[in-house]
Novice: 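Take this structure first; my questions come after.
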Amino acid sequence: MRVLPPDSEAVLMERAAAIAGKTLQQIATLRQTVLPEQLTRAKGHIGELLEDYLGASAGSLPEPDFRHIGVELKTLPIGKNGKPKESTFVCTVSLLPGDSSHWEDSLVRRKLSRVLWVPVEADTTIPLAQRRIGNAILWSPNLSQEKILRQDWDELMNMVMMGQLDQITARYGKYLQIRPKAQNARSLRSGINADGDIVKTLPRGFYLRTVFTRMILEKSRF
DNA sequence: TACTGATCATTC
DNA sequence: GAATGATCAGTA
């Protein structure tokens, strides 16, 4: 039985609060689903389990997970040092001109305008079933965060649109970076080269560095 | 050990 | 095939 989408942020937060401190096994049992033994062949499993529990609705559409309240769900894997272990995927990078040429109407901005961060224990010495959920954080970027996200986005998208895709590495961007987001290294998408011709290239995604999610986590603990 | 580049499952 | 959910794993 599917969980109905939450019709307000308050309802969403109640649901998130209800699982804070619970283990992944407890959530899986509540939802009558089975956990994989390892994440190696099920890398998105925890995110999907929490989408299911919380009533996310967007499916695989390029939209915020909770569409009508405009909230995006992100799980945050926390290592034993208490800090995020991995960068956070935001969305696919448009590699062709005309898709989203301004920060204001970019998918990055829309997805990051309101995010429910759910910390999840990710110490690999703990069996998956015993890892616990943390206290969720409902967040919007503050002015300085948005300013830097915008700077990163402008710089990176400028390179994309100038046909400098081959020069983009994960080293660009203070908070936001572009990295491959593909089935494998042979995957291809259409992009443009320096002459403006359409060429095939590796699909890319926008990711948030851990320095950024660490800041969100630390601020919420005040 | 942190980080970048590579990869895996599912859905439509 | 391209979007979603991400973590894996080699190397600097």
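Only a predicted model underlies this, so the values are computations on that prediction, with no experimental measurement involved. Letters A, B, ... are given to chains in the order of the sequence lines, protein chains preceding strands, and every chain is numbered from 1.
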Novice: Counting the atoms with a prime plus P, OP1 and OP2 as sugar-phosphate, which does A/Pro77 contact under 4.0 Å by heavy atoms, base, sugar-phosphate, or nothing?
Specialist: sugar-phosphate
Novice: Within this structure, what is the CZ-to-P distance between A/Phe206 and C/dA6, rounded to whole angstrom?
Specialist: 18 Å
Novice: What is the distance from CD of A/Gln38 to P of B/dT7, rounded to the nearest Å?
Specialist: 19 Å
Novice: Using 30° and 60° as the class limits, which term best fits the ring planes of A/Tyr175 and A/Phe212: parallel, tilted or perpendicular?
Specialist: tilted
Novice: In whole angstrom, what separates A/Leu202's CG from C/dA2's C1'?
Specialist: 14 Å
Novice: Give A/Leu188 one of three labels, base, sugar-phosphate or nothing, depending on what nucleic acid heavy atoms sit under 4.0 Å from its own.
Specialist: sugar-phosphate
Novice: Here's a test of your reading of the structure: between A/Leu39 and A/Arg171, which maps to the more 5' nucleotide of DNA chain C?
Specialist: A/Leu39
Novice: Between B/dA6, C/dA3, B/dC3, which nucleotide has the shortest distance from any of its atoms to the side chain of A/Tyr207?
Specialist: B/dA6
Novice: With a 4.0 Å cut-off, would you call A/Arg114 and A/Glu9 a salt bridge?
Specialist: yes
Novice: Would you indicate which nucleotide in B/dG5, C/dT4, B/dT4 comes nearest to any side-chain atom of A/Pro180?
Specialist: B/dG5
Novice: Return the value, rounded to whole Å, for the distance between atom CD1 of A/Ile46 and atom C1' of B/dC8.
Specialist: 14 Å
Novice: Do A/Tyr172 and A/Leu165 share a hydrophobic cluster (ILVMFWY, side-chain heavy atoms under 4.5 Å, transitive)?
Specialist: yes
Novice: Would you indicate which nucleotide in C/dT7, B/dG5, C/dT4 comes nearest to any side-chain atom of A/Asp65?
Specialist: C/dT4
Novice: Check this one for me: any side-chain N or O of A/Arg189 less than 4.0 Å away from OP1 or OP2 of C/dA2?
Specialist: yes
Novice: From the set C/dA3, B/dT7, C/dC8, return the single nucleotide nearest to any side-chain atom of A/Gln183.
Specialist: C/dA3
Novice: Salt-bridge test for A/Glu72 and A/Arg110: reply yes if a basic N is under 4.0 Å from a carboxylate O, no otherwise.
Specialist: no
Novice: Which residue lies toward the 5' end of DNA chain B, A/Ile168 or A/Gly44, if each is placed at its nearest nucleotide?
Specialist: A/Ile168
Novice: Salt bridge or not for A/Lys174 and A/Asp152, using N-O below 4.0 Å?
Specialist: no
Novice: Mind checking if A/Ser187 touches a base, just sugar-phosphate, or nothing, with heavy atoms under 4.0 Å?
Specialist: nothing
Novice: In whole Å, I'd like the distance from the CZ atom of A/Phe212 to the P atom of B/dA2.
Specialist: 20 Å
Novice: Kindly confirm or rule out a cation-pi arrangement of A/Arg179 over A/Tyr207, judged by NZ or CZ under 6.0 Å from the six-membered ring centre and within 45° of its axis?
Specialist: yes
Novice: Inspect the contact between A/Arg150 and A/Glu104 and indicate whether a charged nitrogen and a carboxylate oxygen are less than 4.0 angstrom apart.
Specialist: yes
Novice: May I ask you to verify if any side-chain N or O of A/Lys43 is less than 4.0 angstrom from the OP1 or OP2 atom of C/dT4?
Specialist: no
Novice: Under 4.0 Å from OP1 or OP2 of C/dT7: is there any side-chain N or O of A/Thr40 that close?
Specialist: no
Novice: Is the phosphate of B/dA9, meaning OP1 or OP2, less than 4.0 Å from a side-chain N or O of A/Arg41?
Specialist: yes
Novice: Select one nucleotide: of B/dG5, C/dG5, B/dA9, the one nearest the side-chain heavy atoms of A/Glu51.
Specialist: C/dG5
Novice: With DNA chain B as reference, determine whether A/Asn81 or A/Ile178 sits nearer its 5' end, using the nearest nucleotide of each.
Specialist: A/Asn81
Novice: Could you give the CZ-to-P distance, from A/Phe89 to C/dT7, as a whole number of Å?
Specialist: 13 Å
Novice: Reckon A/Ala122 touches a base, only the sugar-phosphate, or nothing at all at heavy-atom distances under 4.0 Å?
Specialist: nothing
Novice: Tell me if the side-chain of A/Lys181 makes a donor-acceptor pair with the base of C/dG5, cut-off 3.5 Å, by modelled atom types.
Specialist: yes
Novice: Measure the distance from CZ on A/Arg209 to P on C/dA6 and round it to the nearest whole Å.
Specialist: 20 Å
Novice: Any N or O donor-acceptor pair linking the side chain of A/Lys85 to the base of C/dT7 at under 3.5 Å?
Specialist: no
Novice: Ignoring backbone atoms, test whether A/Thr75 places a side-chain nitrogen or oxygen under 4.0 Å from the OP1 or OP2 oxygen of C/dA6.
Specialist: yes
Novice: Grab the CG-C1' distance between A/Leu208 and C/dA6 for me, whole Å please.
Specialist: 13 Å
